[in-house]
Amino acid sequence: VNKLRTFLSLFGITIGIFCIIGVLATIDSLKTKISNDLSGLGNNTIFIDKWDYNGGPEYPWWKFVKRPSMKIGEMEFIKKQSSMASNVAFFVSTSATFTYEENILKGVNMYGVTNDFNAIQTFNIGSGRYFNETDFTRGVPYGVIGNQVAVELFGKAEKALGKTISYSGRRLLIIGIIEKQG
């Protein structure tokens with residue numbers, strides 16, 4: 001008798017079911033992504049840093065900024081003194097502006113790492129290679145860049161291999177590109 005009312009009721013129920021399914025699928029995929037990211041760190045990994053990452057509106061950052069920064073000698077001390085640590089790595093980060101010919105990319109996160117870093121933080125190299133022991137020993141200015149940085153600087157990620165980019169008056173030869181993520 002009331003076809004319009006029946007149609008609108010069924011239509012509303014259908015939209016509600018699709019919304020619930022969409023929300024549950026989104027939450028499940030986020031949960032899986034976070035679990036995979038955290039499992040990449042391992043269940044027996046320890047990070048030592050001067051900052052406390054609890055955050056919040058009443059975060060006393062002024063207490064932590066006064067703490068001394070880690071030194072590479074301290075990493076070597078931990079490596080020597082610890083009998084249970086299989087890998088120990090030093091990690092520093094900064095933000096830089098990369099240039100290649102006329103292309104400029106600002107605000108790129110740049111990391112300096114030691115040779116055990118890839119054993120602790122897992123990622124895949126899509127093109128090229130990762131650093132080898134000789135690269136670390138000789139201190140050659142080689143770099144591995146992310147896929148997005150390669151695309152934004154060179155148009156295609158594969159074009160970045162073997163090219164030299166500049167940052168802060170220094171040059172860096174690209175030997176590898178991290179596989180696209182996300």
CZ (Phe154) and CG (Leu105) are apart, to the nearest 0.5 Å, by 10.0 Å
Between CG on residue Asn147 and NZ on residue Lys180, distance to nearest 0.5 Å:
6.5 Å
Residue pair Val88 / Met75: nearest heavy atoms and the distance that separates them:
CG1-CG, 3.3 Å
Residue pairs passing the side-chain hydrogen bond (donor to acceptor under 3.5 Å, both in side chains) test where at least one lies in residues 99-111, sequence neighbours excluded
none
Show me the donor-acceptor pairs within less than 3.5 Å that the side chains of residues 135-146 make with the rest of the protein, sequence neighbours left out.
| residue | atom | partner | partner atom | Å |
| --- | --- | --- | --- | --- |
| Asp135 | OD2 | Arg129 | NH1 | 2.7 |
| Asp135 | OD2 | Arg129 | NH2 | 3.4 |
| Asp135 | OD2 | Asn132 | N | 3.0 |
| Thr137 | OG1 | Glu133 | O | 2.9 |

What about Ile175 and Ile165, same hydrophobic cluster or not, with Ile/Leu/Val/Met/Phe/Trp/Tyr joined at side-chain heavy-atom distances under 4.5 Å?
no
ILVMFWY cluster, Tyr167 and Ile177 together (side-chain gap under 4.5 Å):
yes
According to the side-chain hydrogen bond (donor to acceptor under 3.5 Å, both in side chains) rule, which pairs have a member within residues 82-91, sequence neighbours left out?
none
Which residue pairs pass the salt bridge (Lys or Arg N to Asp or Glu O under 4.0 Å) test with at least one member in residues 75-87, sequence neighbours excluded?
Lys79-Asp116
Find out if a path of hydrophobic residues (ILVMFWY) with successive side-chain heavy-atom gaps under 4.5 Å connects Val113 to Leu172.
no
Following the transitive rule for hydrophobic clusters with a side-chain heavy-atom cut-off under 4.5 Å over Ile, Leu, Val, Met, Phe, Trp and Tyr, establish whether Met70 and Ile72 coincide in one cluster.
yes
Let me confirm one number: the CZ-CG distance from Phe123 to Asn118, rounded to the nearest 0.5 Å.
5.5 Å
What pairs meet the salt bridge (Lys or Arg N to Asp or Glu O under 4.0 Å) rule with one or both residues in residues 81-93, with sequence neighbours excluded?
none
Within one Ile-Leu-Val-Met-Phe-Trp-Tyr cluster: Val108 and Ile174, side-chain cutoff 4.5 Å
yes
Salt bridge (Lys or Arg N to Asp or Glu O under 4.0 Å) pairs touching residues 139-162, sequence neighbours excluded, are none
Mind checking what makes side-chain contact (heavy atoms from CB on, under 4.5 Å) contact with Arg171, not counting sequence neighbours?
Thr164, Ser166
Identify the heavy atoms of Ala160 and Ala150 that sit nearest to each other, and give their distance.
CB-CB, 4.0 Å
Residues forming a ring pair (Phe, Tyr, Trp, His ring centres under 6.0 Å) with Phe77, sequence neighbours excluded
none
In a table with atom names and distances, give each donor-acceptor pair under 3.5 Å that connects a side chain of residues 6-29 to protein atoms at least two apart or in another chain.
| residue | atom | partner | partner atom | Å |
| --- | --- | --- | --- | --- |
| Thr6 | OG1 | Asn2 | O | 2.8 |
| Ser9 | OG | Arg5 | O | 2.9 |
| Thr14 | OG1 | Leu10 | O | 2.7 |
| Thr26 | OG1 | Gly22 | O | 2.8 |
| Ser29 | OG | Ala25 | O | 3.4 |
| Ser29 | OG | Thr26 | O | 2.9 |

Any heavy-atom pair between the side chains of Phe98 and Leu153 that's under 4.5 Å?
yes
Between CD1 on residue Ile178 and CD1 on residue Ile125, distance to nearest 0.5 Å
5.5 Å
Using the test side-chain contact (heavy atoms from CB on, under 4.5 Å), find all partners of Thr94 that sit at least two apart in sequence or belong to another chain.
Met110
Holding to ring pair (Phe, Tyr, Trp, His ring centres under 6.0 Å), I want the full list of residues that pass it with Phe117, two or more places apart in sequence or in another chain.
Phe91
